[in-house]
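Below is one structure, written out as structure tokens; comments come after it.
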Amino acid sequence: MRWSRLLLATLRDDPQEAEIVSHKLMVRAGLIRKLSGGLYTFMPLGLRALHKVSNIVREEMDRAGAQEILMPALQPAELWERSGRLATMGPGMFRLKDRAERLMTLGPTHEEVVTDLLAGEVSSYRQLPCTVYQIQTKFRDEIRPRFGLMRAKEFIMKDAYSFDTSLEAADASYQAMFDAYVRIFQRCGLDARPVEADTGDIGGKWSHEFMVLADSGEDGIIDCPACGYAANQERAEHADTPANDPECPSPLAVDTPDARTIDDLTALFGCPADRFIKTLIYLADGKPVAALVPGDRDLNENKFKRLLNAKQLVMADDTTIEKVTGAPTGFSGPVGLTIPIYADRTLHGATDRTTGANKADTHLTHVSLERDASVTAFEDLVIVGSGDACPRCGKPMQIKRGIEVGHVFKLGTKYTESFDATYLNDKGQSELMVMGCYGIGVTRTLQAVVEQSHDADGIIWPISVAPYAVSLLLLDPKDPAVCAVVDDLEQTLAARGLDVLVDDREERPGVKFKDADLIGSPIRVVVGAKGLAKGGVEIKLRTSKEVTLVPVEQAADAIAAQATALTEALCP
RNA sequence: CGGAGCGUAGCGCAGCCUGGUAGCGCGUUUGGUUCGGGACCAAAAGGUCGAGGGUUCAACUCCCUCCGCUCCGACCA
């Protein structure tokens, strides 16, 4: 391809719309253009890179035995009523009505459609296992789209769904997808790592997210350097590390007018936040329960909900709190409470703490939790942070940021029950299929590559996803001898299957060098009168400062050899 | 949805407080000088100043309403 014919304009300035480096670079390098918030057009260069990612995904899905299908993005809302997700995912879905006033949705994901499909197609155990996938545009009415392709209203996702005859067989399908994901991200040149994850609204029992470490990531990842345990902060656990507090005298009521928050109390008592116990009153499916966490910690509502096995968990309103504790909000405490009380593990053995007294404007000091209150259970309740003990090995863990590029779930029979997706086993009995689902944010993955691979000058594409493997700079477009070398090289390289972008513009060399760095082709080849006079063309890798001068007749071989080496370095 | 900010040429911005009919840089076009890391000189094209309404002799500027965008928060595969 000749740059002079490409619809490609690079920008010198960072776009005002962009916040993170990958977004800035993708706009500056002419890969994407914004239509409106969370909606982007892929320009020729960006689309080429996107196709490369899609093809890697497709190859690895096929290799793992999954079959490609394509389901409609437009779906009847009725399907979502059957699974109950019209309510739970409700506001996040785009809805519209057809002319018959039938409620439709633009699919944010396809569990419903695919389960309904397979329920009809599969009738015998002989047809199982079966994994299908698609690469398709998804729609989510994001509350706040941001970071370009990272969180968009419309995005491309690869979603796969496995159907099996048993939990064990489903585990094998899950593992096959997990392994395919490892390969996919490796081939994209991404440093992505699997972490244990929460299942969210999709439901199900177990899941892993594939995270690309990046400071701009929207998710917190808890990581244990000692043993390798890694989990999304939403789910991360911590070890039982009982407090080692000394004995203390009996509880003492203290006047604390208007001191409702931990900040108020630390100011009033002049001691650190962890000496207080926060008592949070929740309604779990309508029934009041209390959660106790150290004053400097936050409750992880996901974990609490899972522990209680509750469908719905909300913070109690002021009226309920007053009814349950006998005191206004801000003065709740465990002592004397009759509702179930769950305390975080770190409060095991906690003594001499300060808590609300369940009486207006009053707190209790010298509270020894197990002596003075009846705690139902000590469990893992807090949002885990840096320094907490690893649940596997007990060593301190770290917190990092990550971009979620893939997510694999074991769903069990959650959806097959809703859609009555059964098959006949070898004894002629009807059984529910066991499902798994597996997503990769294709557009997000592309941006994650840029986020992880760039420098001050621009993008550094791994060759596997580069729009063009080679940027061929024609420095003297008016010099017939130079042009002849470029024409020849372009053809030879194309014949060897390499994507070449020839910068044939009437620009000064400096402009071409800058743009070549910006758009980030892994191999840069410079052909100019000066270079030819010195004996050849110059080959340079985007990742290196080193320039190699190669005689014209050996150039194609040398370039192809570099391309092969770069490709092989990415192959698992 | 709550808080904050912004909307002026393709892109990045100034002008607005203190009303007088729009400017800078980049990019684009033409000519010239240049030519190995975003050149210089000269000329030129390009703007319903987000939209609607109001105040005024006069509105980019002041007031009201709406729309869009960005950031923080809540929310989220």
Side-chain angles (χ1 to χ4, degrees), chain A residues 7-20 23-24 27-28 30 33-39 85 88-93 107-112 138-148 150-153 155-161 197-204 207-211 218-219 232 234 301-302 315 403-409 411 437-444 456-458 473-479 482 503 505-519 524 526-534 537-538 540 545 547 549:
Chain A
L7 181 57
L8 168 60
T10 56
L11 269 38
R12 291 192 189 213
D13 298 317
D14 282 336
Q16 180 265 331
E17 76 195 57
E19 189 67 16
I20 62 173
H23 185 194
K24 289 176 182 172
V27 175
R28 280 191 58 207
R33 291 280 116 103
K34 185 170 78 173
L35 172 64
S36 139
L39 298 172
R85 285 164 100 196
T88 55
M89 281 198 83
M93 294 200 292
T109 174
H110 279 69
E111 282 80 14
E112 280 77 2
K138 303 284 194 242
F139 300 86
R140 291 195 189 170
D141 193 356
E142 288 290 345
I143 294 174
R144 195 175 146 207
R146 63 184 124 177
F147 301 153
M150 285 295 181
R151 181 163 299 275
K153 287 182 173 169
F155 59 99
I156 297 172
M157 175 158 134
K158 184 286 303 176
D159 46 326
Y161 307 90
D198 195 59
T199 51
D201 269 338
I202 275 208
S207 83
H208 285 92
E209 286 168 339
F210 284 77
M211 289 287 188
E218 294 187 272
D219 290 283
N232 191 306
E234 289 172 0
E301 291 188 11
N302 294 322
M315 281 195 94
I403 299 164
E404 178 191 352
V405 287
H407 203 157
V408 292
F409 295 82
L411 289 176
C437 76
Y438 318 92
I440 288 181
V442 178
T443 39
R444 180 185 282 187
D457 294 314
L473 308 197
L474 168 52
L475 289 197
D476 303 286
K478 285 181 177 145
D479 183 329
V482 178
D503 191 349
R505 295 173 299 169
E506 301 273 351
E507 290 286 354
R508 297 160 58 82
V511 173
K512 298 188 181 186
F513 289 132
K514 283 289 185 191
D515 274 339
D517 285 344
L518 179 59
I519 67 168
R524 189 189 79 184
V526 175
V527 184
K530 282 193 184 172
L532 291 180
K534 275 194 285 181
V537 306
E538 297 144 51
K540 175 188 164 299
K545 289 244 176 282
V547 177
L549 191 69

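Labels below follow one simple rule: chain letters A, B, ... track the order of the sequence lines, proteins then strands, and each chain is numbered from 1. Keep in mind that the numbers below use all heavy atoms, side chains included, and drop hydrogens, waters and symmetry copies.
With a cut-off of 3.5 Å on both Watson-Crick or G-U wobble distances, the partner of B:C24 is given as B:G12. Nucleotide B:C40 has B:G32 as its partner under the Watson-Crick or G-U criteria, with both atom distances under 3.5 Å. Within the shown strands, nothing qualifies as a pairing partner of B:G19 under the Watson-Crick or G-U definition with both distances less than 3.5 Å. Summarising the base pairing, B:G46 is matched to no nucleotide, lacking a Watson-Crick or G-U wobble pair whose two defining distances lie under 3.5 Å. With a cut-off of 3.5 Å on both Watson-Crick or G-U wobble distances, the partner of B:G2 is given as B:C72. The partner of B:U65, taking Watson-Crick or G-U wobble pairs whose two distances both stay under 3.5 Å, is B:A51.
Between A:D515 and A:R505 there is a salt bridge, since a side-chain N of the basic residue sits under 4.0 Å from a carboxylate O of the acidic one. With respect to A:E538 and A:R524, no salt bridge is recorded, no charged nitrogen being found less than 4.0 Å from a carboxylate O. The pair A:D13-A:R28 does not count as a salt bridge, with every side-chain nitrogen at least 4.0 angstrom from each carboxylate oxygen. Ion pairing of A:R85 with A:E111 is present here, as a side-chain N (NZ or NE/NH1/NH2) and a carboxylate O approach within less than 4.0 Å. In summary, A:E218 and A:R151 engage in a salt bridge, as defined by a charged side-chain N under 4.0 Å from a carboxylate O.
Rounded to whole Å, the distance from CG on A:D14 to P on B:C71 is 14 Å. Rounding to whole angstrom units, CD of residue A:E506 and P of B:A39 are separated by 15 Å. Rounded to an integer number of Å, the gap from A:R508 CZ to B:U33 P is 14 Å. The CZ-C1' distance, from A:R151 to B:C75, rounds to 9 Å in whole Å. Regarding A:N232, its CG atom lies at a distance of 13 Å from the P atom of B:C76, rounded to whole Å. As a whole-Å value, the separation of A:L39 CG from B:G68 C1' is 13 Å. In this structure, CG of A:L518 is placed 14 Å from C1' of B:C11, rounded to the nearest angstrom. Between A:E17 atom CD and B:C11 atom C1' there is a gap of 11 Å when expressed in whole angstrom units.
Contact annotation for A:E19: backbone-only contact, meaning every heavy-atom pair under 4.0 Å involves sugar-phosphate atoms and none involves a base. Within 4.0 Å of A:K512, counting heavy atoms only, lies no atom of the nucleic acid at all. Residue contacts shown for A:E404 are limited to sugar-phosphate atoms, with no base heavy atom under 4.0 Å away. When heavy atoms are screened at a 4.0 angstrom cut-off, A:R33 is found touching no nucleic acid atom at all. Using a 4.0 Å heavy-atom criterion, one finds that A:Y438 contacts no nucleic acid atom at all. As judged by a 4.0 angstrom heavy-atom cut-off over every strand, A:D515 is placed among the base-contacting residues. If you check every strand for non-hydrogen atoms under 4.0 Å, A:D517 touches a base. Residue contacts for A:G439: at a heavy-atom cut-off of 4.0 Å it reaches no nucleic acid atom on any strand shown.
The listed nucleotides are B:U70, B:C71, B:G37; the one nearest the side chain of A:K34 is B:U70. The A:I143 side chain lies nearest to B:A74 when the options are B:A74, B:G36, B:G38. Closest to the A:V511 side chain, of the nucleotides B:G36, B:G12, B:A39, is B:A39.
A heavy-atom distance below 4.5 Å is not found between the side chains of A:L411 and A:Y161.
Taking only side-chain nitrogens and oxygens, A:K514 never comes nearer than 4.0 Å to OP1 or OP2 of B:G37. For A:S36, a side-chain nitrogen or oxygen approaches OP1 or OP2 of B:C69 to under 4.0 Å.
Nucleotides B:C17 and B:G53 are separated by 22 Å at their P atoms, to the nearest Å. Look at the P atom in both B:C60 and B:G19: the space between them is 14 Å, to the nearest Å. Rounded to a whole angstrom, the distance from the P atom of B:G7 to that of B:G54 is 24 Å. Spacing of P atoms, B:G2 relative to B:A39, comes out at 49 Å, to the nearest Å. Taking the C1' atoms as reference points, B:A45 lies 11 Å from B:A9, given to the whole Å. Taking atom P on both nucleotides, B:G23 is separated from B:G73 by 42 Å, rounded to a whole Å. Taking the C1' atoms as reference points, B:C64 lies 15 Å from B:A59, given to the whole Å. The separation of B:G50 from B:C6, taken at their C1' atoms, amounts to 11 Å, rounded to a whole angstrom.
Pairing each heavy atom of A:P145 with each of A:G38, the nearest pair is CB-CA, 3.7 Å.
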Subject >> Derivation and outcome, side-chain contact (heavy atoms from CB on, under 4.5 Å), residues A:D141 and A:M93 >> reply: CA-CA 5 Å; A:D141 193 356; A:M93 294 200 292; over 6 Å; no
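Residue-to-nucleotide proximity on RNA chain B shows that, of A:R28 and A:P145, the 5′-proximal contact is made by A:R28. Ranked by how close their nearest RNA chain B nucleotide is to the 5' end, A:P509 and A:F147 are led by A:P509.
Looking at A:D476, its side chain does come within 3.5 Å of a backbone N or O of A:A529 through a donor-acceptor pair. In terms of modelled atom types and a separation under 3.5 Å, the side chain of A:K24 and the main chain of A:E17 share no donor-acceptor contact.
With hydrogens and angles ignored, a donor-acceptor pair closer than 3.5 Å exists between the side chain of A:R524 and the base of B:G37. The base of B:U70 has none of its N or O atoms less than 3.5 Å from a complementary donor or acceptor on the side chain of A:R146.
In this structure, the ring of A:H407 has its center less than 6.0 angstrom from the ring center of A:F409.
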Listed pairs, N/O of protein and of nucleotides 23-29 of chain B, under 3.5 Å:
residue	atom	partner	partner atom	Å
B:G27	OP1	A:R12	NH2	2.7

